[in-house]
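Below is one structure, written out as structure tokens, with a few remarks after it.
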Amino acid sequence: MELSNKSVVVLDYGFGNVRSAERALAHAGAQVEITRDYDRAMAADGLLVPGVGAFAACMKGLRAARGDWIVGRRLSGGRPVMGICVGMQILFGRGIEHGVEAEGLDEWPGTVEPLRAPVVPHMGWNTVEAPGDSRLFAGLDAGERYYFVHSYAVRTWELEATNPHIPAPKVTWSTHGEPFVAAVENGPLWATQFHPEKSGDAGARLLRNWLDTL
């Protein structure tokens, strides 16, 4: 695919499949760099925060790489950030794994908790229920399937829209045993619980939709 003029940094903090994300973003047309360099991460049109593994370990790695500072500074300036999988989970207030609680970035209130389902982890393809005016899922059929790999999720959306002049976040849901948050669009901060980079043509379209907003 022909490169666009959109630059994206994949934040390299040791807890994400950065090469897979890099390939998917490049295929979607972005100019991609994998780095934890503060200046480059701040200068890019978009920042993608991947994440695999345990919530607490990801947060420890993110802080060691100053990723918490980078994410916060970008968002305070209205600069786009996208989180994927645990990279989405750490955007919430806290995570509880094996009875141990860890603080997240608290960009959104909420708790990442174990999925209550007959089979865990939730691994494989599943559909989502996106708002009709979603920009992230624009042009994608309601029956499209996306690739999930997770044992924990946010089961309750807690952020209340209190300012009528600020658009309310768009929350997408999926179900595995129970409903859980599958994606969020909230101003410059977007995130998915599933892996767009592993979701075939639908995931590629979704990433292009994000790039189109940068």
Side-chain angles (χ1 to χ4, degrees), residues 1-11 16-34 41 43-52 71 74-75 77-92 107-108 124-150 153-154 157 159 161 166-175 179-214:
M1 178 173 290
E2 183 180 351
L3 285 177
S4 71
N5 61 350
K6 304 295 177 62
S7 62
V8 176
V9 158
V10 177
L11 189 61
N17 190 347
V18 294
R19 294 298 174 187
S20 179
E22 177 192 36
R23 288 192 297 269
L25 285 164
H27 179 71
Q31 301 180 54
V32 191
E33 180 179 10
I34 299 172
D45 294 317
L47 177 73
L48 186 132
V49 182
V52 295
V71 170
R74 281 188 64 94
L75 292 176
R79 305 279 286 164
V81 175
M82 183 171 181
I84 289 177
C85 197
V86 184
M88 166 178 153
Q89 295 179 1
I90 59 178
L91 296 169
F92 286 87
E107 295 295 338
W108 299 313
W125 298 85
N126 204 348
T127 56
V128 302
E129 296 180 15
D133 59 350
S134 168
R135 298 176 69 187
L136 184 60
F137 293 92
L140 289 160
D141 293 336
E144 289 284 3
R145 298 167 71 86
Y146 305 89
Y147 193 79
F148 291 83
V149 182
H150 63 117
V154 174
W157 179 256
L159 181 62
I166 299 177
K170 297 179 177 67
V171 182
T172 293
W173 295 85
S174 188
T175 300
F180 65 88
V181 176
V184 182
E185 300 160 64
N186 183 202
L189 182 58
W190 290 16
T192 65
Q193 177 61 71
F194 57 84
H195 288 270
E197 77 281 10
K198 297 179 180 179
S199 296
D201 291 342
R205 174 60 187 268
L206 186 143
L207 289 175
R208 286 196 296 273
N209 286 345
W210 180 59
L211 293 176
D212 287 344
T213 70
L214 303 184

Closest contact, heavy atoms only, Arg74 versus Ala41: NH1-O, 2.8 Å
Which atom of Pro131 lies closest to which atom of Thr172, heavy atoms considered: CD-OG1, 3.3 Å
Nearest heavy-atom neighbours spanning Trp108 and Asn186: NE1-OD1, 2.7 Å
Spatial distance of atom CZ (Arg79) from atom CG (Leu47) [nearest 0.5 Å]: 10.0 Å
Partners passing side-chain contact (heavy atoms from CB on, under 4.5 Å) against Pro167 (at least two apart in sequence or in another chain): none
Donor-acceptor contact present, side-chain Asp45 to main-chain Ser7, <3.5 Å: yes
Step-by-step side-chain contact (heavy atoms from CB on, under 4.5 Å) determination, Val49 to Leu91: CA-CA 10 Å; Val49 182; Leu91 296 169; over 6 Å; no
Separation between CD of Gln89 and CD of Gln193, rounded to the nearest 0.5 Å: 4.5 Å
Qualifying residues under salt bridge (Lys or Arg N to Asp or Glu O under 4.0 Å), relative to Glu129, sequence neighbours excluded: none
Candidate pair Leu206 and Leu136, rule side-chain contact (heavy atoms from CB on, under 4.5 Å), full reasoning: CA-CA 6 Å; Leu206 186 143; Leu136 184 60; 3.4 Å; yes
Pairwise side-chain contact, Leu214 with Val8, heavy-atom cut-off 4.5 Å (strictly under): yes
Ala183 backbone acceptor or donor facing Thr192 side chain under 3.5 Å: no
Straight-line distance of Leu75 CG to Glu107 CD, nearest 0.5 Å: 5.0 Å
Under the side-chain contact (heavy atoms from CB on, under 4.5 Å) test, residues paired with Thr213 that sit two or more places apart: Arg135, Trp190, Trp210
Spacing of CG belonging to Leu25 relative to CD belonging to Glu33, to within rounding of 0.5 Å: 13.0 Å
Heavy-atom pair of closest approach, residues Cys85 and Gly51: CB-O, 3.5 Å
Atom CG of Asp133: over 12 foreign heavy atoms under 6.0 Å: yes
Spacing of CD belonging to Glu22 relative to CD1 belonging to Ile34, to within rounding of 0.5 Å: 3.5 Å
Listed partners of Ser174 passing side chain to side chain donor-acceptor pair (under 3.5 Å), at least two apart: Asn126
CG-OG distance between Leu207 and Ser199, expressed to the nearest 0.5 angstrom: 8.5 Å
Minimum heavy-atom distance Ser20-Glu197, with the two atoms named: OG-CG, 3.2 Å
Test item: Val181 and Trp173 side chains (from C-beta on) under 4.5 Å apart, heavy atoms: yes
For a quick test of your reading: what N or O donor-acceptor pairs under 3.5 Å do the side chains of residues 141-150 make, sequence neighbours left out?
{"unit_1": "Arg145", "atom_1": "NH2", "unit_2": "Trp125", "atom_2": "O", "d": "3.1"}
{"unit_1": "His150", "atom_1": "ND1", "unit_2": "Tyr152", "atom_2": "O", "d": "2.9"}
{"unit_1": "His150", "atom_1": "NE2", "unit_2": "His122", "atom_2": "ND1", "d": "2.9"}

Glu185/Ser134 under side-chain hydrogen bond (donor to acceptor under 3.5 Å, both in side chains): CA gap, chis, key distance, verdict: CA-CA 8 Å; Glu185 300 160 64; Ser134 168; 2.6 Å; yes
Residues that Arg23 engages under salt bridge (Lys or Arg N to Asp or Glu O under 4.0 Å), provided they are two or more places apart: none
Considering all heavy atoms, the nearest Ala28-Arg208 contact: O-CG, 3.5 Å
Side chains of Pro50 and Asn17 in contact at under 4.5 Å (non-hydrogen atoms): no
